[in-house]
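This report concerns only the one structure given below.
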Amino acid sequence: MDQATPTPAATPATPRDPKEVLQSMLAGLGLEATVERQDVDNQVRLLINTAEPGRLIGRHGQTLSQLQFLVNRILLRGDQNAPRVHIDCENYRNRQRDDVVGKVKDSADKVRRWGEPVVVGPFGPTDRRAIQEHFQADPEIEAVSEEGDEAGPKKMTLRLKQ
């Protein structure tokens, strides 16, 4: 029996522009949205404006994070040196960061008042980075992540600078 060798399916060229990749994904999901690209400090930020932000943000930003993950995977598949893309919808990530930092500020006031370290969290990597950036400028308080190899949520210790 003579069998022909299967020919590989033609793979479409992967778009290189992050904005086009995201716009295509949103259209495929049936969402009407506009995407704005910002290049800030060698980072690509894509801002989504839509009438249905809740569908894109999801519970605690999970859908937005998953969308960001997929866009980055698509871009890396086409180019291993593609820059990491950060996606936000209706300024959700900035509001979330401000909420987390605001809650931690209350604990920092306790450290100032009593001088004893306070453990807060657990926080994911993005929230920990925002907290550490906030306290870099603080002359009295420092925020230190707990030791560990895992990249997931970790607790942080707020303490007086030495």
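The figures that follow rest on heavy atoms only: side chains count, while hydrogens, waters and symmetry mates do not.
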[X] side chain to [Y] backbone, donor-acceptor under 3.5 Å:
X      : Y      : result
Ser65  : Gly61  : yes
Asp127 : Phe123 : no
Gln23  : Val35  : yes
Lys161 : Asp138 : yes

Rounded to the nearest 0.5 Å, what separates atom [atom1] in [X] from atom [atom2] in [Y]?
X      : Y      : atom1 : atom2 : result
Leu67  : Leu29  : CG    : CG    : 7.5 Å
Met156 : Phe135 : CE    : CZ    : 8.5 Å
Asp109 : Lys105 : CG    : NZ    : 9.0 Å
Ile87  : Leu56  : CD1   : CG    : 9.5 Å
Thr34  : Leu47  : OG1   : CG    : 9.5 Å
Leu31  : Cys89  : CG    : SG    : 9.5 Å

side-chain hydrogen bond (donor to acceptor under 3.5 Å, both in side chains) partners for [X], two or more places apart:
X      : result
Asp39  : Arg37
Ser145 : Gln132
Glu140 : Arg112
Glu90  : none

Less than 4.5 Å apart, any side-chain heavy atom of [X] and any of [Y]?
X      : Y      : result
Arg159 : Val144 : yes
Leu46  : Lys19  : yes
Gln43  : Arg84  : no

Side chain to side chain contact (heavy atoms under 4.5 Å, CB included) between Met25 and Leu70, worked out: CA-CA 9 Å; Met25 289 176 73; Leu70 289 173; 3.7 Å; yes

Atom of [X], atom of [Y] and distance for their closest heavy-atom approach:
X      : Y      : result
Thr157 : Pro117 : CG2-CB, 3.8 Å
Val85  : Pro18  : CG2-CB, 3.7 Å
Val44  : Pro83  : CG2-CG, 4.0 Å
Leu160 : Val111 : N-CG1, 3.8 Å
Ala33  : Ile48  : CB-CG2, 3.8 Å
Ala130 : Val101 : O-CG2, 4.2 Å

Working note: Val21 + Leu75, criterion side chain to side chain contact (heavy atoms under 4.5 Å, CB included); need CA distance, chi angles, decisive distance, verdict. CA-CA 8 Å; Val21 171; Leu75 293 171; 3.8 Å; yes

Applying salt bridge (Lys or Arg N to Asp or Glu O under 4.0 Å) as the test, list every pair that has at least one member in [range]; sequence neighbours left out.
range           : answer
residues 49-68  : Glu52-Arg55
residues 91-101 : none
residues 66-75  : none

Among the clusters formed by ILVMFWY side chains lying less than 4.5 Å apart, do Ile74 and Leu26 turn up in the same one? yes

Under a single-linkage definition using a 4.5 Å side-chain heavy-atom cutoff for Ile, Leu, Val, Met, Phe, Trp and Tyr, are Val119 and Leu158 assigned to the same hydrophobic cluster? no

According to side chain to side chain contact (heavy atoms under 4.5 Å, CB included), who are the partners of Glu133, at least two apart in sequence or on a separate chain? Arg129

Residues which pass side chain to side chain contact (heavy atoms under 4.5 Å, CB included) with Gln96, listed by chain and number, not counting sequence neighbours: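 Side chain to side chain contact (heavy atoms under 4.5 Å, CB included) check on Gln96 returns Tyr92.
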
Has Gln62 got more than 12 heavy atoms of other residues, nucleotides or ligands less than 6.0 Å from its CD?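 Above 12, so yes.
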
For Asp88, salt bridge (Lys or Arg N to Asp or Glu O under 4.0 Å) partners two or more places apart: Arg45

